[in-house]
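Okay, so here's the structure we're looking at.
The sequence lines fix the lettering, A, B, ..., with proteins before strands; numbering per chain opens at 1.
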Amino acid sequence: MDILSGLNPPQKDAVETISGPVLILAGPGSGKTRVITHRIAYLLRVCGVKPSHIMAVTFTNKAAREMKERLEGLVSFAVKGLTLGTFHSICARILRRDGKIIGIESGFVIYDDDDQKSLLKRTLHDLNLDPKQYAPSALAAAISAAKSQLLTPNDYYQRGRSYFDEITARVYEHYQKRLQESNALDFDDLLMKTVLLFRQHPEVLEKYQSRYTHLLVDEFQDTNLVQYELIKQLGGKHRNVCVVGDPDQSIYSWRYADIRNILSFEKDFPDTKVILLEQNYRSTKTILETASKIISANQQRKPKKLWTDNAPGEPVTIVEAYNEQEEAQYVITEIEKLVGRGEYSLGDFAVMYRTNAQSRVLEETFIRYGTAYRLVAGTRFYERKEIKDIVAYLRLIQNHSDSVSLARVINVPTRGIGEQTQARLLNWAKSMNVSTYEALRTLAQGTNDSPFTPGTAKQLTAFFNVMENFTAKSREVNLTDLFDFVVESLGFKGYVFDQPEGEERWDNVMELRGVAQEHNDLPPPDGLASFLEGVTLVSDVDSLQEGGSAVTFITLHQAKGLEFPIVFILGMEDGLLPHFRTIDDPAQIEEERRLFYVGVTRAKKKVYLLRAFRRTLMGRSSITTVSRFLADVPGDKTSSASTGWHEKADFSSALYAWNRLSPLSDADLMSGQKAAPPLPSTALPDPSTSRTGLKAGDRVRHSQFGEGTVIGLKTTRDDTEATVAFADIGVKKLLLSFARLTKVA
DNA sequence: GCCTCTGGATTTTTT
DNA sequence: ATCCAGAGGC
């Protein structure tokens, strides 16, 4: 049987044990993804299970997409009807179909963190609470914590101890009311409401339980209580539940993931078969042994014995740079050296770090050297204002109750509806006990009982008519036509162009149009719905395209599940890794160590661990402390390198003391003591090359615009903008982080 | 009602 | 260092 060939005995076991609960404990690089895809293929091809009876849950949409591709490669036909996605996207689907019974309209919108924050602010305002005293972010965290433990506002009242708990309970309750009014759910609601739906309506649960005869859950160590509850509910009938995880890679406890789910699983499913995948196929012996040493420093864990047949390979290189600029320079120099030898290409390298802020220096340095890179996250496309505005219009079209979107767009582009008017409108709607949108309708129908002057009433009515017009259109035409209609009716182009970097913003809008186009084959209302869902539930890694000719910059968290031939881990300093916010809690330190472990085990061939002697954080430069984790890295597996600043500085110890005492800037200290940076800053930005490996003159292809020639590249704060001349469309400026430009030979 | 300026906060990780 | 919210001027 070809589905089983090439698997080792425990892998084979994991694929073939399809009845009853299975817990697969899979070490890094042990072929976990392979096992999952083969298992599904086995179910389909050998056991004759229908795709529609299988649910597979992944951590990211990207993982889901890749799994589908690999699966289809294996079974060599298109798999239709399989339920495959993240917990969030699967729950959204369930609630759209069956949420009505617990008061969720199928057209609900999903509020992201930004929307959540807006709504919380309004809630605070309603409750006469000072947002300075009760930080919306802290309340959001508390509410999210509550929801992750299935606590309703009522439960919260009963648990409340401190004054802050009391406040939180009140805010939570009111916030939920506001969400309900807006027909909106936040991320945590997607999970929690699904569990509640199943609890309150066993007949609905029964429907799903019967349908899904086989359940698979990846990254089980990072599930929270609600997700685990869902697994128990859905798998409760057939009990063919297979969960795959690695406690040593649990790094999301701050998102209320709970390792104890692994222990609970064996208790809740007493006949669980446990399968260990311990052979590593990814890394060299040196890397695997180093990683094992690191993780065995954790007290709260079960020891396990990972092994590999791979060659010993090269030592782990530990580097001490002078500061973060030099740290980045070392990375580049090393990469250029290895690429120069022809052994590796840029796509083989990943640079990993604890905090997103660390990517900045990397970017600056890579831009200066003209080395191609790609940053995961950073520029979050969907967080741009012009994008959020359009999306808010589209959301409001789908769901007139969406108060956050309404508030966002009612005066965009400016139509003379200011804060006063908006506050008055909210109050008026409240007094009539209708939604804001319905209040507008009343006004438009010509009531003489409104609190507005005729002029203001006219403005509001105009806005209402615009929305009605959009809504009518949305029922008739496909998504891009609707998109164009909205954008044109609003005069959005002119509006956007009047703002700084207008052209760039406009091109972003056009990129969004390109995304909309992908939903065009669905009939009118569905296209909009599926587009909006995709827009909210995407994550940053989802857009990462592996390989290619650029170095990957990525946080340690995002790196989970990925692999690269060569990995650099930056900022091996106490305060960064482990992060200073975790340092007084041993449990959290252990999680930081797991994070480090995840980073190291991403590497196939070689690992570099870097630290800086001095580092500037939040505007303050100070001398660092070596990460305590380096003490766990076995000395016989490492080699040290230096960027040479010790030797170049003749009085390094004096310099050290001086640094401690003197408030002089880095520039003062470094003059004459350290090699000058390779290029003066006036040489940036280099117009002829970009971090994506494109240069002026290259032929490229764009999904919408067709083929064109790059005529210029400009690096902005967090992105590269390419100016491309397209044959049919003319000259366009495109953001490379988003526009999928492929080079044509 | 809208725009600009300034002081204050802010940075851990994300579906 | 950078971003955001609130205050004050037009």
Side-chain angles (χ1 to χ4, degrees), chain A residues 57-64 85-92 110-114 116-118 121 130-132 135-138 140-141 144 147-148 185-192 219 222-224 226-227 250-257 352-361 364 376-377 380 382-383 385 411-424 453 455-456 459 498-499 533-542 554-560 571 575-583 585 588 591-592 594-596 598-599 616-621 717-718:
Chain A
V57 188
T58 57
F59 195 69
T60 62
N61 296 300
K62 174 169 175 278
T86 62
F87 273 111
H88 290 85
S89 64
I90 290 173
C91 286
I110 302 166
Y111 279 175
D112 65 17
D113 291 350
D114 207 47
Q116 186 188 32
K117 228 176 92 193
S118 313
K121 276 185 197 155
D130 179 9
K132 279 190 186 132
S137 59
S144 177
K147 290 181 177 178
S148 303
L185 300 178
D186 65 20
F187 284 139
D188 299 306
D189 280 340
L190 292 174
L191 308 174
M192 182 174 177
E219 306 286 8
D222 284 319
T223 51
N224 66 22
V226 187
Q227 292 166 333
S250 161
I251 52 173
Y252 282 90
S253 74
W254 53 274
R255 228 171 69 187
Y256 316 106
M352 302 182 184
Y353 37 82
R354 177 65 233 264
T355 65
N356 275 310
Q358 286 169 264
S359 68
R360 191 172 199 111
V361 177
E364 285 165 4
V376 180
R380 299 201 59 178
Y382 292 104
E383 281 170 16
K385 186 183 176 301
N411 204 26
V412 171
T414 36
R415 35 172 92 84
I417 303 174
E419 221 166 300
Q420 280 289 328
T421 305
Q422 289 182 47
R424 215 166 280 165
T453 61
T456 310
Q459 307 274 45
D498 280 345
Q499 296 166 11
E533 187 139 327
V535 161
T536 319
L537 294 178
V538 284
S539 73
D540 295 320
V541 267
D542 290 343
I554 193 166
T555 67
L556 287 163
H557 280 89
Q558 293 170 328
K560 186 175 77 160
L576 260 186
L577 187 65
H579 194 271
F580 68 89
R581 297 278 284 260
T582 68
I583 262 167
D585 179 355
Q588 285 193 63
E591 178 146 323
E592 296 286 296
R594 291 194 290 271
L595 195 51
F596 180 34
V598 166
T616 304
L617 290 170
M618 284 179 245
R620 273 251 162 288
S621 167
R717 193 174 52 77
D718 46 16

Of the candidate nucleotides B:dT15, B:dG1, B:dT14, which contains the atom at the shortest distance from the side chain of A:T86?
-> B:dT15
Toward the 5' end of DNA chain B, which comes first, A:T58 or A:R424, by nearest nucleotide?
-> A:R424
Checking side chain to side chain contact (heavy atoms under 4.5 Å, CB included) for the pair A:Q459/A:T421: CA distance, chi angles, key distance, verdict?
-> CA-CA 10 Å; A:Q459 307 274 45; A:T421 305; over 6 Å; no
So, is A:N411 near the phosphate of B:dG1, with a side-chain N or O under 4.0 Å from OP1 or OP2?
-> no
Selected nucleotide, minimal atom distance to A:F187 side chain, candidates B:dT14, B:dT15, C:dT2 | B:dT15
Among B:dG1, B:dT13, B:dT15, the one nearest A:T355 by side-chain distance | B:dT13
Distance between P atoms of C:dC4 and B:dT13 (Å, rounded) = 15 Å
Residues two or more places apart in sequence or in another chain: which of them pass side-chain hydrogen bond (donor to acceptor under 3.5 Å, both in side chains) with A:R415?
-> A:Y393
I would like to know whether A:E592 and A:L577 meet side chain to side chain contact (heavy atoms under 4.5 Å, CB included); could you show each step before the answer?
-> CA-CA 7 Å; A:E592 296 286 296; A:L577 187 65; 4.0 Å; yes
A:H579 ring center near A:W254 ring center (under 6.0 Å) = no
Using the closest heavy atom to pick a nucleotide of DNA chain B for each, name whichever of A:G416 or A:H557 lands nearer the 5' end.
-> A:G416
Let me know the distance between NZ of A:K62 and P of B:dT15, rounded to the nearest Å.
-> 12 Å
Between A:Y111 (OH) and B:dT14 (C1'), how many Å, whole number?
-> 21 Å
Could you work out which one of B:dT11, B:dT14, B:dG1 sits closest to the side chain of A:A357?
-> B:dT11
In chain order, what residues pass the salt bridge (Lys or Arg N to Asp or Glu O under 4.0 Å) check against A:D189, with sequence neighbours excluded?
-> A:K147
Using atom names, set out every protein N or O paired with an N or O of nucleotides 5-10 of chain C below 3.5 Å, distance rounded to 0.1 Å.
residue, atom, partner, partner atom, Å
C:dA5, OP1, A:K121, NZ, 2.9

Report the distance from atom CG of A:N61 to atom C1' of B:dT15, rounded to the nearest whole Å.
-> 8 Å
Distance in angstrom units between A:F580 CZ and B:dT11 C1', rounded = 7 Å
What integer distance in Å separates A:Q422:CD from B:dC2:C1'?
-> 13 Å
Please list, chain by chain and in numerical order, all residues satisfying side-chain hydrogen bond (donor to acceptor under 3.5 Å, both in side chains) with A:S359, sequence neighbours excluded.
-> none
Pick base, sugar-phosphate or nothing for A:N224, based on heavy-atom distances below 4.0 Å to the nucleic acid.
-> nothing
Looking only at side-chain N and O atoms, does A:T60 come under 4.0 Å of OP1 or OP2 in B:dT15?
-> no
Pairing residues for A:D114 by the side-chain hydrogen bond (donor to acceptor under 3.5 Å, both in side chains) criterion, not counting sequence neighbours = A:K388
To the side chain of A:T414, which of B:dT14, B:dC2, B:dG1 is closest?
-> B:dC2
B:dT11, B:dT14, B:dT15: which one has an atom nearest the side-chain heavy atoms of A:T555?
-> B:dT14
Quick one: label A:S89 by what it contacts on the DNA or RNA (base, sugar-phosphate, nothing), any heavy atom closer than 4.0 Å.
-> nothing
Under 4.0 Å between any heavy atoms, over every strand shown, what does A:D112 touch: base, sugar-phosphate, or nothing? Just pick one.
-> nothing
Nearest-Å distance, CG (A:D186) to C1' (B:dT14)?
-> 14 Å
Has A:Y252 got its ring stacked on the base of B:dT14, with centres under 5.5 Å and planes less than 30° apart?
-> no
Interatomic distance where CG belongs to A:L617 and P belongs to C:dT2 [whole Å] | 15 Å
Respond yes when some side-chain nitrogen or oxygen of A:Q558 is under 4.0 Å from OP1 or OP2 of B:dT14, and no when none is.
-> yes
Rounded distance (Å) that lies between atom C1' of B:dT15 and atom CE of A:M192 = 17 Å
Applying side-chain hydrogen bond (donor to acceptor under 3.5 Å, both in side chains), name anything that partners A:Y111, two or more places apart in sequence or on another chain.
-> A:D402
Closest heavy-atom contact between A:N61 and A:S89?
-> OD1-OG, 4.4 Å
